**Student:** 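Encoded as structure tokens, here's the structure I'll be asking about.
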Amino acid sequence: MDAPATLSAASLRAAPRLPRDFFNRDARTVARELLGKLLVRREGRNLLAGRVVECEAYLGAEDPAAHAFAGRTERNAVLFGPPGHAYVYFIYGNHYCTNVSCMPPGNAGCVLLRALEPVLGVRTMAEARHVPIVAAPTLAQRRLISSGPGRLSQALGITRPRDNGKDLTGIGSDLWFADDSYSVAQVRTTPRIGVAKAADRPLRFIITGNPFVSGTRVL
DNA sequence: TTATAGATTGCCT
DNA sequence: GGCAATCTATAAT
């Protein structure tokens, strides 16, 4: 039912990176297929990784909730560039949110990453989040690491100065998506979280039943 | 130049 | 469940 709790660094290195064509499609398609993939960060010789369990699609000119809705600005310029690049923005004075651009240049779709299940480098991610390091963390404690868009960005050290505009499909990139052939049993869609406009559109995608999805009640 | 809302989080009651 | 924190982009003077 749940994804594997851990993953070896060797198998992660063997997992193919998602190519640019993967992102050169409608944001809804990319969001759905991104579920179950791994977001990987290389910190020197150390690898950090989390499995995507929740994300949201943002469209272009036809989506009032999207940053690209009002057109190209210095802030959102990445969205209008080629697919497979990181769009990182700062929000509420405290948090970075991580997106990946979709669609060909000129089309501004993107996918916001909202929750990861930590699978490799968990201790390092917990330290980055200032989450207590304990021998046998509870589910509630593990959820604090990367369940939420601001949380997962902090866990992987993703910031706008460091990562905005980065090519996530580049060979030399220190941030990328990997496919370890994990199979997602069922995908559920819901309205997007925290948006006032176009609040009725089912553009949030989650792995049904995964406990690391944000807002999940922990018993 | 000033005001306000925001793709959030964490602490308080 | 309520709400303050804290900064940026954008709208309103």
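Note that the structure is predicted; figures quoted are calculated from it, not measured. Reminder, nothing fancy here: chain letters follow the sequence lines and each chain counts from 1.
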**Student:** Any non-hydrogen side-chain atom of A:R188 less than 4.5 Å from a side-chain atom of A:T208?
**Tutor:**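 Yes, at least one pair of side-chain atoms sits under 4.5 Å.
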**Student:** Rounding to an integer number of angstrom, what distance separates C:dA4 and B:dT4 when you compare their P atoms?
**Tutor:**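 Pairwise P distance, C:dA4 against B:dT4, rounds to 15 Å.
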**Student:** Rounded to the nearest angstrom, tell me the gap between atom CD1 in A:I91 and atom P in C:dC7.
**Tutor:**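 After rounding, the reported distance stands at 14 Å.
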**Student:** Return the minimal non-hydrogen interatomic distance between A:D63 and A:A198, and the atom names on each side.
**Tutor:**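 Heavy-atom minimum between the residues: OD1-CB, 4.1 Å.
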**Student:** Looking at A:F177, I'd like to know if the NZ or CZ of A:R17 sits under 6.0 Å from its six-membered ring centre while staying within 45 degrees of the ring's axis.
**Tutor:**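 The answer is no; the distance or angle limit is not met.
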**Student:** Write down the distance between OH (A:Y96) and P (C:dC7), rounded to a whole number of angstrom.
**Tutor:**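 Rounded to whole Å, this separation is 11 Å.
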**Student:** Specify the separation, in whole Å, of atom CD1 of A:I193 and atom C1' of B:dG6.
**Tutor:**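 Between C1' of B:dG6 and CD1 of A:I193: 15 Å.
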**Student:** Would you state whether a donor and an acceptor, one from the side chain of A:Y89 and one from the base of B:dA7, lie under 3.5 Å apart?
**Tutor:**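 When only heavy-atom distances are counted, A:Y89 does reach the base of B:dA7 through a donor-acceptor pair under 3.5 Å.
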**Student:** When you measure from the side chain of A:H95, which nucleotide among B:dT9, B:dG6, C:dT8 comes out closest?
**Tutor:**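 Closest nucleotide to the A:H95 side chain: B:dT9.
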**Student:** Check whether the aromatic ring of A:Y92 stacks on the base of B:dG6, taking stacking as ring centres less than 5.5 Å apart and planes within 30° of each other.
**Tutor:**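 By the stated criterion, A:Y92 and B:dG6 do not stack.
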**Student:** Can you tell which of B:dG10, B:dA7, C:dT8 lies closest to the side chain of A:R151?
**Tutor:**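 Of all the options, the side chain of A:R151 is nearest to B:dG10.
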**Student:** Given B:dT9, B:dG10, B:dA7, which nucleotide is nearest the side-chain atoms of A:R129?
**Tutor:**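 The nucleotide sitting nearest to the side chain is B:dG10.
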**Student:** What is the base-pairing partner of C:dT6, counting Watson-Crick and G-U wobble geometry with both distances under 3.5 Å?
**Tutor:**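 Pairing partner: none.
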**Student:** Are any non-hydrogen side-chain atoms of A:R123 and A:I133 less than 4.5 angstrom apart?
**Tutor:**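 Side chain of A:R123 against side chain of A:I133, heavy atoms only: contact under 4.5 Å found.
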**Student:** Could you tell me the separation between the CG atom of A:N76 and the P atom of B:dA7, rounded to a whole number of Å?
**Tutor:**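 The answer, rounded to whole Å, is 12 Å.
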**Student:** Please classify the nucleic acid contact of A:R204 as base, sugar-phosphate, or nothing, using heavy-atom distances under 4.0 Å.
**Tutor:**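 No contact.
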**Student:** Which part of the nucleic acid, if any, lies within reach of A:R75 when heavy atoms closer than 4.0 Å are counted: base, sugar-phosphate only, or nothing?
**Tutor:**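 Answer is sugar-phosphate: A:R75 comes under 4.0 Å of backbone atoms only.
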**Student:** Given B:dA7, B:dT9, C:dT6, identify the nucleotide with an atom nearest to the side chain of A:N94.
**Tutor:**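 Of the options given, the side chain of A:N94 lies nearest C:dT6.
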**Student:** Any strand is fair game: report the nucleotide pairing with B:dA7 by Watson-Crick or G-U wobble, both distances under 3.5 Å, or none.
**Tutor:**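 WC or wobble partner does not exist here.
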**Student:** Over 60° means perpendicular and under 30° means parallel, so tell me whether A:Y87 and A:H67 are parallel, tilted or perpendicular.
**Tutor:**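 It falls in the perpendicular class, over 60°.
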**Student:** Counting side-chain heavy atoms from C-beta on, which of C:dT8, B:dT9, C:dT10 comes nearest to A:T73?
**Tutor:**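 Side chain of A:T73 sits closest to C:dT10.
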